[in-house]
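This structure is a prediction, so every number in the text was calculated from the model and none was measured.
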Amino acid sequence: MDPPQPANLRFLHRVSKRAPFLEQFRSLTMRSSLFSRRTIRQGAISAVGSAKMKLLFGCCVLLTLIVLASRSAAPYGGWNRYDASPRGSSLPRKGYTLLINTWKRNDLLKKSISHYASCPGLDSIHIVWSEPNPPLKSLIKFLNHAIKVNSKDGREIELRFDINKEDSLNNRFKEIKDLKSDVVFSIDDDIIFPCATVEFAFSVWQSAPDAMVGFVPRIHWVDKLNNGQDTYIYSGWWSVWWTGTYSMILSKAAFFHKKYLSMYTYEMPSSIREYVTKNRNCEDIAMSFLVANATGAPPIWVKGNIFEIGSSGISSLGGHIERRSECVNHFVGEYRGMPLVPTSVKAVDSRYTWFW
């Protein structure tokens, strides 16, 4: 039997036996502390990164909302969206003539003239008047006042009514001998474009003055179901949107040289004008045929927002596409061939477009 040991020796002996356990405990404690600090540090870094991402995303959303708000906030129903004057350059010495077609819709005419009078490139306004009665003095007075109020920089814009005795769609393309400018902007009275869009289209026309430049494209297709004969189908906007191809620009919103008014009146086959008068349709297709036949080139489609301020016209009537197809085939017979040239080119004002 071992002799009894002093208390202090017994304590040291117990401690020495427990030393490995204490070392393991201390090691585990240190690891836990290190793990906790590392976890906290990683969590803090992750939280900061998440906060940065949220802040960046919030800034992007806020910037997008500011841009959209600035682009949508505009006077007169959003028609004057941007400063139409080109930055760093001066406007051309000669502008364009607004050739507007109207028929018993004086309220729409007043809105259109009041708006376009503010466009900086406008030189004069010619109203195609085919109604049985002449324009009222009150209408003329209102329009002159609207032009004076809305025109900028003290410009004097001439207003003329081109009176026609006969009611015919051909009237909108009669020759005007004393035009102040070389180009006309043909427009219907129920359509509004922002001035910046009009000025951009005008600049596109200046780069190709023989072309027809406008906002409403259409396309023709070969009729493959007609036993291989050379017949064609007129197609509307959805075909253009789906294929990205067009061959016509409708004159309801288009720039073209004034020489085409003379050619339409005196050089185009008279049978085409008679067909238009009889069927009360397709004068715009006839103009597209005339320009394509003269140039051998396609028109130019300009991207732009259209604001329709009137009710639907003849395009909303039943059988519209069929009647337009008949026009195309009749005109092909008159020209003894198809002069229209398809294209997929579109002019876009990159200054105000994020996605082209």
Side-chain angles (χ1 to χ4, degrees), residues 73-87 89-131 133-164 171-172 174 176-203 205-206 214-215 251-256 258 261 304-310:
Y76 207 61
W79 298 333
N80 289 314
R81 291 198 168 196
Y82 315 110
D83 179 12
S85 57
R87 295 175 177 83
S89 63
S90 59
L91 288 170
R93 293 181 180 179
K94 288 189 176 181
Y96 52 87
T97 294
L98 185 71
L99 185 62
I100 185 167
N101 191 58
T102 187
W103 175 259
K104 294 185 177 182
R105 299 193 292 191
N106 291 348
D107 55 336
L108 301 184
L109 183 63
K110 292 177 180 179
K111 292 180 180 178
S112 295
I113 298 300
S114 298
H115 165 67
Y116 288 115
S118 64
C119 297
L122 183 64
D123 273 348
S124 60
I125 300 173
H126 282 250
I127 300 173
V128 180
W129 191 268
S130 301
E131 297 181 19
N133 299 317
L136 298 175
K137 292 182 179 180
S138 58
L139 174 62
I140 298 175
K141 181 179 180 181
F142 177 93
L143 295 179
N144 278 305
H145 177 71
I147 292 172
K148 183 177 181 181
V149 169
N150 291 286
S151 60
K152 299 177 180 178
D153 302 324
R155 294 181 299 115
E156 294 185 2
I157 299 175
E158 179 187 44
L159 174 66
R160 290 272 303 273
F161 281 83
D162 298 331
I163 307 297
N164 298 281
N171 292 340
R172 71 182 306 166
K174 278 188 175 181
I176 304 174
K177 296 182 179 181
D178 55 348
L179 280 179
K180 295 179 62 177
S181 58
D182 293 332
V183 58
V184 298
F185 179 39
S186 175
I187 192 78
D188 283 353
D189 59 4
D190 59 351
I191 299 178
I192 292 291
F193 290 92
C195 283
T197 302
V198 176
E199 299 300 317
F200 173 67
F202 179 40
S203 69
W205 175 85
Q206 288 176 308
F215 301 99
S251 57
K252 66 189 299 181
F255 281 92
F256 52 84
K258 66 179 182 180
L261 297 177
N305 294 323
I306 302 176
F307 297 88
E308 296 185 351
I309 60 175

Whether the side chain of Ser203 engages the backbone of Phe200 through a donor-acceptor N/O pair (distance < 3.5 Å, no angle test) should be reported. yes
| message | With side-chain contact (heavy atoms from CB on, under 4.5 Å) as the criterion, how do Asn305 and Thr197 come out once you've worked through the C-alpha distance, each side chain's angles and the decisive distance to 0.1 Å? | response | CA-CA 8 Å; Asn305 294 323; Thr197 302; 5.9 Å; no
Exactly one of Arg105, Lys111, Lys110 clears side chain to side chain donor-acceptor pair (under 3.5 Å) with Asp189, and that residue is Arg105
Using side-chain heavy atoms (C-beta onward) and a distance below 4.5 Å, is Leu108 in contact with Asp188?
no
The ring-ring contact (aromatic ring centres under 6.0 Å, His included) partner of Phe255 among Phe193, Trp205, Phe185 is Phe185
In short, Gly95 meets Ser181 closest at the heavy-atom pair O-CB, 3.1 Å
By side-chain contact (heavy atoms from CB on, under 4.5 Å), Lys148 pairs with (sequence neighbours left out) none
Heavy-atom closest pair (Phe256 atom, Leu261 atom, distance to 0.1 Å) is CE1-CD2, 3.8 Å
Note: Ser186 and Ser251 closest approach over all heavy atoms is OG-O, 2.7 Å
d(Ile187 CD1, Ile192 CD1) to nearest 0.5 Å is 7.5 Å
- Donor-acceptor under 3.5 Å (Arg155 side chain, Leu122 main chain): yes
*Taking the side chain as every heavy atom from C-beta outward, state whether Asp178 and Arg160 have any atom pair closer than 4.5 Å.*
yes
Note: Glu199 and Cys119 closest approach over all heavy atoms is OE2-CB, 3.7 Å
Basic-acidic side-chain contact under 4.0 Å: Lys180, Asp123 = no
By side-chain contact (heavy atoms from CB on, under 4.5 Å), Pro135 pairs with (sequence neighbours left out) Trp129, Leu139, Ile140, Phe161, Ile163
Ignoring hydrogens and geometry beyond distance, is a side-chain donor-acceptor pair present between Asn171 and Ser130 at under 3.5 Å?
yes
For Ser124 and Ile157 the tightest heavy-atom approach is CA-CG2, 3.9 Å
Problem - Side-chain touch Ile100/Ser112, heavy atoms, less than 4.5 angstrom - result: yes
Result for side-chain contact (heavy atoms from CB on, under 4.5 Å) between Leu99 and one of Leu179, Ile125, Ile176 points to Ile176
Of all heavy-atom pairs linking Ile191 and Ile306, the shortest is CG2-CG2, 3.6 Å
To the nearest 0.5 Å, atom CD1 of Ile147 lies from atom OG of Ser118 at 11.5 Å
query: Are the side chain of Asn164 and the backbone of Asp162 linked by a donor-acceptor contact shorter than 3.5 Å?
result: yes
dist Trp103:CH2 -> Arg172:CZ (nearest 0.5 Å) comes out at 14.0 Å
TODO: May I ask you to test the Phe142-Asn106 pair for a side-chain heavy-atom distance under 4.5 Å?
DONE: no
CG (Asn144) and CD (Glu158) are apart, to the nearest 0.5 Å, by 10.5 Å
Heavy-atom side-chain contact between Glu308 and Asp190 under 4.5 Å:
no
